[in-house]
Peer 1: 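I'd like to ask some things about the structure below.
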Amino acid sequence: MFAIALPDDADEVAFRNAARSCIARGLAPADVAFVSPDQPSLLPALPAEAPDGSNLAINVPRSFADLMRDAVCHSAADRFALLYDVLWRILRGEHDLAERASDPRVAQLMDYRHAVRRDIHKMHAFLRFRERSIDGHAVYTAWFEPHHHILRRATPFFVDRFTNMDFVIATPRGTAIWQGGQLSFGAPAARQAAGEPDDVLDGLWLTYFRTTFNPARLRTRTMVNHMPLAYWNNMPETALIPGMVMNAVSRVSGMMDMDADQPSLFADRIADRKTSGPIADAHAAGSLEAMHRDAQGCTRCPLYRNATQTVFGEGPRDAPVVFVGEQPGDQEDLAGRPFVGPAGQLFDRALAEASLDRSRAYVTNAVKHFKYEPRGKRRIHKRPDAGEVQACRWWLEGEIAAIRPALVVALGATAAQALARRPVAVTKLRGPYDFSGQRGFITVHPSFLLRISHDPGDALATREYGAFVRDLMQIGELVPALRA
Ligand code: URA
């Protein structure tokens, strides 16, 4: 039996060379022990002189090459022996062995592959560079503590992205240095080698992290699963997380109460200009159908320019209840009908649970055109500003005047603001409300419930959804004609 010395961070090339040398000598797995070069061994080392055939080409199936590439990076001491065993059997005719998860050795290697890939992913996601000046030259340094020997595998990702910056990634298992377009690997580093924090860079990153944190999307358990606590030490932003988690609930209430944005420049003048002319005449005539038709040509605010069409309200002209949302979303804009997208589906589900019949209600929006920001191929909803809400109130008031419902329900802050003509805090005023003589009701917007519900069984989402259904049931009690 021979000892084969392979360094801890041996990659697939080093393993392949060692394996080739053993195979050329006809050494079966039981004849070799893979040891670390620093480990004293009583076994003889392989003779230095190369046997015939030591440079023989070994053709292995792609499935084995893929498995080897990752599994060889695992930190388990038996990885080389397992790989050699599987390789030996493949070369003896078990060609598809590396795909056979039922084989205990292959299954073990597949587990190693999974762990290594996960470690690489974590390094790509959680490594943070800090700028240092060395001899007046900017060098970016990072400290990371991987679980496996992944430095060689994970570093090309950073080279591709930061080709023009010199960097050092220090880990307890080795160091990667990218300098002047050359990549080299060195000895393990002590933690301090990664350098002191850079206040400016850290400050910028923390500001970015803080402003992009959405408390309504907070899922603590998922966050900790994805960003295990073991990595937090090296990530400056994690110091902010406990405080942000503590404040998340109150910030979500604040979001629910938030007013529409500030009016755009000249919004008042645009609105004034539009209160006369043929549209005004249709409005005065009080005909829902005429208003619906005329609204198709509405140019009262600039939103018509980018929207596909006006999305007017729909429902019976004598509906006992008018539900008012914010503005059409992406799907409503394409369909030309309110509340048909994801928020509409949630709304339908809640109405059904509250035993209310949507077909007996009139459903509309405070703003009739979709406001969005293009992002790649997607159109991202953008809150209408107060000027746009004001300009569109013309249509909303026309709809209500024509229908004369027993109750008008504001879904969310924008609708409440449009109806009350002033900013309204939904959490404070939730429930029955008098909109200047019109009997009304204020509740949350279904999109808010969608924003907070990501994990099934999420406590906040379940609680808020339940409260919304209870609001709808109360509406059913106020206006029994709406009940299914
Ligand atoms: N959100 C709204 O406020 N209205 C819709 O029609 C759809 C989503």
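As the structure lists them, so they are numbered: ligands from 1, and atoms in each ligand from 1. Quick caveat: nothing in here was measured; it's all calculated off a predicted structure.
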Peer 1: How does Q327 reach ligand 1, by side chain, by backbone, by both or by neither, if only non-hydrogen atoms under 4.0 Å count?
Peer 2: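 Within the 4.0 Å criterion, Q327 contacts ligand 1 through backbone atoms alone.
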Peer 1: Side chain, backbone, both or neither: which part of E326 comes within less than 4.0 Å of ligand 1 when only heavy atoms are counted?
Peer 2: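 Both backbone and side chain.
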Peer 1: Decide, yes or no, whether a salt bridge links R153 with D70 under the criterion of side-chain N to carboxylate O below 4.0 Å.
Peer 2: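 Yes, R153 and D70 are salt-bridged.
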Peer 1: Going by the order shown, which atoms of ligand 1 are within less than 4.0 Å of some heavy atom of H445?
Peer 2: 1 (N), 2 (C), 3 (O)
Peer 1: Please list, in number order, the atoms of ligand 1 under 4.0 Å from a heavy atom of G325.
Peer 2: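 It comes down to these atoms of ligand 1: 3 (O).
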Peer 1: Which ligand 1 atoms are under 4.0 Å away from a heavy-atom of N365?
Peer 2: 2 (C), 3 (O), 4 (N), 5 (C), 6 (O)
Peer 1: One thing to verify: whether D9 and R173 come together as a salt bridge, which I'm taking to mean a side-chain N less than 4.0 angstrom from a carboxylate O.
Peer 2: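 No salt bridge links R173 with D9.
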Peer 1: What's the shortest distance from atom 6 (O) of ligand 1 to any protein heavy atom, and which residue and atom give it?
Peer 2: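 Answer, as residue, atom name and distance: F339 N, 2.8 Å.
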Peer 1: Measure from the ring center of F339 to the ring center of F323 and say whether it is less than 6.0 Å.
Peer 2: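 No, ring centres 6.0 Å or more apart.
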Peer 1: Hey, is CD on Q182 packed in by over 12 heavy atoms from elsewhere, all under 6.0 Å?
Peer 2: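 No, not enclosed.
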Peer 1: Between H381 and F370, is the gap from one ring center to the other below 6.0 Å?
Peer 2: no
